[in-house]
Amino acid sequence: MKLEHLIRFDTAEDKIFLQEYLNDIDLIVFNANILCHQSTNKADTLYSSFPNKKFFIDPRLYSFQLNLSNIKNKAGKIKSSYMKLAIEYGLDYVIDSDTSLTIEQVLKHGLNKLSEDILDFQNNFINENLDSEMKEMISFSKQFRTPEILIAPAFCILDEKDLKWLDINKKLLDISLKVKDKYNKPLYANLIISKEILSNKKAITQILDIYCKADGMVFWIDDFNEVSINENIIENLISLLIYYKQKNQTKKIYSLYGGYLHQILFNFGLNGVCHSVAYGESKKINHGGGIPLSKFYLPMLYKRMQPESMIRLIRDIPIKTKKEFYEYICNCPICKKIINNDNIKLTFFSYLDDLEATDTIRRNAKYNCRSHYLEVKKKEFTLINTRTFEDLVKILEDTYKNISINHYMVKPEYIHLDRWIKVLKSYI
Amino acid sequence: MRHNLSEQELVQKVKPLLLKKYEVFEEVKIFTRSIDLILKKKDTIIAVEFKLRNWKKAFEQIMDYQLVTDYSYLCIPKTKLKEDTLLLLKERGIGLLTYDLETNILVEEVKPSSSKEKVDFYRDYLFQKVLKL
C-alpha cells in the first residue's frame, strides 16, 4: 500500500502543471463549482490532457449552507459558477432568496432528490458538457469517463449547534448508498468539520459511526494549518484516523486539504492527501478567496515562506554559492535551473512575488514557485512511500536540531516542527 | 495616550513637513508589505511607518522595511515612550519621529542607524521601483 497523491484542479492555468506532473499524481480532484466555470473547457481538458488519470468530484454542497458572501464576487453577486451549480443541484431558490440553506428547506426540497441530483452531477456533468465534436468522437469510441469514486452529499459541522445537520447527512448518505448501485461505483462519505468538532470525542465518534457505512471517506478539517496547530489537535486527528481504520480496515480515507504532516499520517492509515498546484494545503471553510501571492515552499520547514523571510534566511545562513543553495535550501530540478550561478540574490529573485511588480516578475514568480512546489511534493511523497515512520520522524528531528543549533531563523518560523515531533515520537 | 485621529490622518499631517526635505512617496508596496511613506534624498531611501499604538507590530513591519531601505523610522504622535521601547528602537537602529498635534512640529527623537538588515540587491530593486513612481 502506498500514500496516494491527490491534486486539486483549481484554475485553467493548472492544466500545464498537472500535465507536467501527471505521472506523480494518483487522483485529480475537481471541486464542483470549478467544473461549472468554463465547463466545456474543463470537460475537454479531462479527455485531452488527462486521458487516463483517475478523478473524482467534491460536490461542495455545504457552500449553500454557509454565509453566501463566501460565494459572491466583488460586486456582491453570486459567482456564475455557483449559480450554475445551484441550478444543477436544484437549489436555485437559495440564490434567488439570497439566504443560506436551512434544514427546513432541505427537508422540504426532499433528500432523495438532492442526493440523486448531486450524484448525477458527479457522474454525468463532465460528459454532458463536452464540446459537440469531442462528444461525437467519444460516443463513437464509447469511452466516456466517469469519476473513480462518488462523494456523498453532506453539510458541514462546524460547532455543536451544527450537529443538528448530522441527521440530514446520515439520511443523505443512506439514500446515496442506495442510489450508487445505479452507477456501480464506490461511494465515499464526506466529512467536513471544524477543529472544535475534531476535539469533541463524543461528537466525532457519533459522526464516524454513521460515516463508516460508506465505502470510504474524504475529509476536510476547517483551517487545519499544520504550522500553527497545537499538539492536541494533531493527537485528535491521529485518533480520528485510528478510530476510522479500526472499524474500516480495508476502506480508504483521503484528506482533501493537507501538507507534509498529513502525509506522515500515512502511518496511521491515511491513504491519500490532496493539495493544489498553488499549495492549498489548508483552507477555511466559511471563507471566500483572497489575493493570491506566490510564495517559495521551503522544503526543510514544509511550509511556504514570505519573500522577506526567504531574503533574510539566505542572508543569514549565509548562502554564497549555488552549491550551498542546493545543500541548505533545495536541490530540485527547478531550483537547479533557476539558481544557476553564484549570484543567489539575483537568481532567487525569480521566486519572489511582489503584488505591485511588473506582470513579467509576477508571472515568473508564479510559474517558478508552483513548479518548485510540485517538484518538492513529488519528492516528499516518494520519501513517505520509501521510508519507515521512524526514519521520517528522525529526519524531522535532525532538521529541527540543525536549525536550532545554527540559529538560521527565529523560533516562531520553525517551532511547528517541534510540535509535530513531540506527538509523532510518542507513537514510535 | 489615545488620539482622535487615524493613522492615515497622521500621515497627511506629517507628509507636508517631510516634503520640505525629501521627495515623498505614499503607500509603496514591496513584496508583502506596504510602506506608509518612502522618503528619497539623492541616493538614499528611508521608510517611515506610522503608528498610533501597537508598537510591537510596527517593529515587525519595520524589520522587513530594513531589508530594502537605507534607514527606517517609526512616526507617532508626541508621547512619552517607555524606556524599554526606546531601547528596542535604538538596538534595532530604528529612528523615532514624534509629531505634536497642537504645534504641528515634527521632532526627530531618535536618529536611525544605517540598516544592518539591508540586502543591497533588494534595496536597489525598491530604489528602482521608487524612481518609476
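Each chain gets a letter, A, B and so on, in the order its sequence line appears, and its residues count up from 1.
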From A:Lys303, A:Lys295, A:Lys377, A:Arg8, residue fulfilling salt bridge (Lys or Arg N to Asp or Glu O under 4.0 Å) relative to A:Glu281
A:Lys377
Go through the atoms of A:Ala357 and report whether side chain, backbone, both or neither lie under 4.5 Å from a heavy atom of chain B.
both
Between A:Leu346 and chain B, with a heavy-atom cut-off of 4.5 Å, which part of the residue counts as in contact: side chain, backbone, both or neither?
both
Tell me, out of B:Met63, B:Arg33, B:Lys29, who's got the most heavy-atom pairs with chain A below 4.5 Å.
B:Lys29
Identified ring-ring contact (aromatic ring centres under 6.0 Å, His included) partner of A:Tyr351 from the options A:Tyr373, A:Phe296, A:Tyr297
A:Phe296
Heavy-atom distance under 4.5 Å to chain A: side chain of [X], backbone, both or neither?
X        : value
B:Ile30  : both
B:Phe31  : both
B:Lys132 : neither

Any side-chain heavy-atom pair from B:Asp64 and A:Gln306 closer than 4.5 angstrom?
no
Do A:Leu396 and A:Trp420 have side-chain heavy atoms sitting under 4.5 Å apart?
yes
Neighbour count above 12 (heavy atom, 6.0 Å) for B:Lys13 NZ:
no
